[in-house]
Every structure is written in structure tokens, then in C-alpha cells.
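Read through the structure below, which is laid out as C-alpha cells, and then see the notes.
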Amino acid sequence: MLSKKLELLGAEKHGAFGVDCETYHTAAAISSQGQTGKLMYVMHNSEYPLSCFALFENGPCLIADANFDTLMVKLKGFFQNAKANKIESRGTRYQYCDFLVKVGTVTMGPSARGISVEVEYCPCVIANDCWNLLMEFMQSFMGSHTPSIPSVFGTKHDSIYSPADTMVQYMELFNKIRKQQQVPVAGIR
Amino acid sequence: MEAPPVTMMPVTGGTINMMEYLLQGKAGGQRGAGGGWGAAELCVSGTGSVLDQSLESLLHRLRGLCDNMEPETFLDHEMVFLLKGQQASPFVLRARRSMDKAAVPWHLRYLGQPEVGDKNRHALVRNCVDIATSDNLTDFLVEMGFRMDHEFVAKGHVFRKGIMKIVVYKIFRILMPGNTESIEPLSLSYLVELNVVAPAGQDVVSDDMRNFAEQLKPLVHLEKIDPKRLM
């Protein structure tokens, strides 16, 4: 339905996109030394095909080469890949004037868990300056499902938006979806 | 918008096993007194090489032998991080950043144990993974549970010949932790390293490396260093 509305608006299909997220557990080897069993997420975004994003919840986001995956294999004695927790969103990219909209189906293993919507306003790099514009645009096709301001904006103030901010939002969205089933949630940039 | 870092050679899909082939300057009398250096560091710290007086003649020779490129120098700050588990040996990662070129990404490097056996090979061979990263690398490693073991500053020259890389550099001790301004040289000599990063199994490169090393004699004797011998 969202896609139809977007197409009615005049948005054009512009290829496909994909974001995936793998979860790593700290192996018993380190957590026994008094560290809490933290989860580490390693994510990829088709928009940045040579990069790999590694994140901790409320922690730093490392942007690295895709080679980082090879390192995680070497580290398997310390960090274990929770394969069943792999979650991804795949779908279509739409272009509407200066907006880029990505509508994806979020799947975890074989089952679909929800729909993600990413909206990007390309000419602006400072998120707070274009949030109102973004919201107005989202209301035009999402109506009452328009989300409130994402938490990353709060900490960013007037600094420049980076790809890492997008990934943090996807991570938060994926975590939400993992916990509560079958509720569509939107992540916005 | 800030572009994410991209490596020079986007070759692998993460499937090719890259190996580093290494020859180092001959261990002479001027071994640096590397107090407190971890065992994993030995293959670098334990090698003597050319004394400061002979540096110019070595550089001159290298300029003649190597690819015709602009002379390149580097000034890097390297931090060695350890992750200790229940296994006997800790997991070692090296984080390096350039101190003189602000725009280049940080470099994270994993080096495996040297391959044993095979006396026929002329170079030390070990697994390696090179990753360019954003500048919050140290914070991230700490978050992962790593802790910094030691750090140093390396300053020197880099040359290339085909896929071979030759570095001539001096190691500086950092006097106050975290302050890369106050440093002192570890020794009166420069280290010389010849290395190649190639897919696993390409042992022919070690022959090329030996031939090249021959041409640097008698200025410097590059040898296959066995890290175990230095422990």
C-alpha cells in the first residue's frame, strides 16, 4: 500500500536496497572476567557496499572495510555469531525529487517481521535543519504512522549527519522488531 | 556527507586468505632495549638494522632499485591491543593512525602466528587481515573488551617495487602514555622490512623477495626472522 501511495505521488523506482544485521555474543571466555555479556552488531548497507558497520547498543559505531567480516571469523573464539538472530530488510528504493525513500520488508530467518521505511533528504547534511520538511513529506504518504523524532537527532544537535547515524537507527529498529512481533515500525533519517 | 573509508584494493569478498611474507633487517648488536614489549611484538622490536650513519646510502640504493615514485615518508602512531580470554595466548590487534596525514583512515591489523616448518621458504609467512576504519577505533576496541598493551611511534620511509613494500623506519618510545609529542628514539638504528601481502599459497613471491634482499647487501642483511628464537 505504501509503495502504491509513493508511486501515486510520482516517486520513481530506483533499484533495490538491502540492510542486514548480524548479532555477536561475547563468548564465555571474556564475560567470565567480570564483563557484562554485551551484544555486538555487525551490519551492512547496500548503499555503502565496501563498508561494514560494527555497533554496540548505546556505544560507538565503527565504520570499517568489508574485511571486518574476516576479522570476526578470526575472533570466533571470543565473539560468537548468533546466526538465528540475523535480521535484514530488503526492498525497493524510490526517488521523489530530492527525497530518497526505501521501503523494505524486515525478515528474521524465514519469517517476515515488519516493514521498514527510510526517508532521506539528499541536499541537506544537518538533520535538525530538515526534520520538519521530512516530517511533512512523510505525512503525505504515511499519514498517522509518521514517527516522532529519532533519538539520534537529539544527541547530534547541529552536527553533520553520517552513514553511521542511519545504521544506528536500523539497529534500534531491528532490536524493536525482534522484541515485539508483527508491529510495523518506521525508521527515518 | 562523510564517505566511509574504502581500501586501496577492494579485492576480496572476505573469502581470500591473505598472507604476509616478511623479511627483516638482520639482528645485529644494536637491539633495542624494548622493556615491557609483548611477545607478539618481538618480530619487529628484536631486529637491528642500519645505523643512522648508513641511512642515506641505503635510501639512495632503494631509490635506485625501486619503482620510480615520489619519495614517501610516514609518521605513524601504533597501539597494540590485547584481548585475553581463557585461552593461553591473547588475541592481538594493531591499530595504527597516521600522524602527518590527517585524511587517511585508521588502520586495523591482525597478524596470525607465523607458519611453521617449510624451511624452503625464504620469508616468514603469516596470516594477515588489514582493515581501514573510522577514527573511533580505539574506543570501539575498548568496548569490545580489548585493552592497550603498548604503543609507539614509527617514523620512516616507504618504497615499493611491484607488490613488494620496503619500509625503513625508526621506532620511538612514547614517554607519557597517550602523548605522541614527547617521544624518544628507541635506538640509534633504523629497522628495515621487506614485505608482501599476497593470497595464501603464492610462495613464489618469497623467491623474488630473496633476490631483492640480495641486492641490498652489504648495506643491510635482510633475513627471515624466527620470532620464537627471540623469545
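Contact check for A:L71 versus B:L108: side-chain heavy atoms found under the 4.5 Å cut-off. Between A:M40 and B:F140, the closest side-chain pair of non-hydrogen atoms falls below 4.5 Å. Considering only heavy atoms from C-beta on, B:E143 stays 4.5 Å or farther from A:L62 through its side chain.
For A:F137, the ring-ring contact (aromatic ring centres under 6.0 Å, His included) test picks out A:Y96, A:F99, A:F141, with sequence neighbours left out. Residues meeting the ring-ring contact (aromatic ring centres under 6.0 Å, His included) test with A:Y41, sequence neighbours left out: none.
Among all heavy-atom pairs drawn from B:Y110 and A:K74, the shortest one is CE2-CD, 3.3 Å. Closest heavy-atom contact between A:C61 and B:S134: O-OG, 4.3 Å.
Taking a 6.0 Å sphere around CG of A:N58, one finds it holds 12 or fewer heavy atoms contributed by other residues, nucleotides or ligands. Dense packing is recorded around CD of A:E57, with more than 12 heavy atoms of other residues, nucleotides or ligands lying under 6.0 Å away. Counted within 6.0 Å of NZ on B:K101, heavy atoms from surrounding residues, nucleotides or ligands total more than 12; the atom is thus considered enclosed.
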Set out, in order, the CA-CA distance, both residues' side-chain angles and the distance that settles side-chain contact (heavy atoms from CB on, under 4.5 Å) for A:F78 and B:M144, then state yes or no.
CA-CA 10 Å; A:F78 298 94; B:M144 280 176 84; over 6 Å; no
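With a 4.5 Å cut-off on non-hydrogen atoms, A:A164 does not touch chain B at all.
A distance of 9.0 Å separates OG1 of B:T133 from CZ of A:F68, quoted to the nearest 0.5 Å.
Looking only at distances, no side-chain donor or acceptor of A:D65 sits under 3.5 Å from a matching main-chain atom of B:I131.
Partner B:V129 forms a side-chain contact (heavy atoms from CB on, under 4.5 Å) with one of A:T70, A:D69, A:V73 and no other, that one being A:T70.
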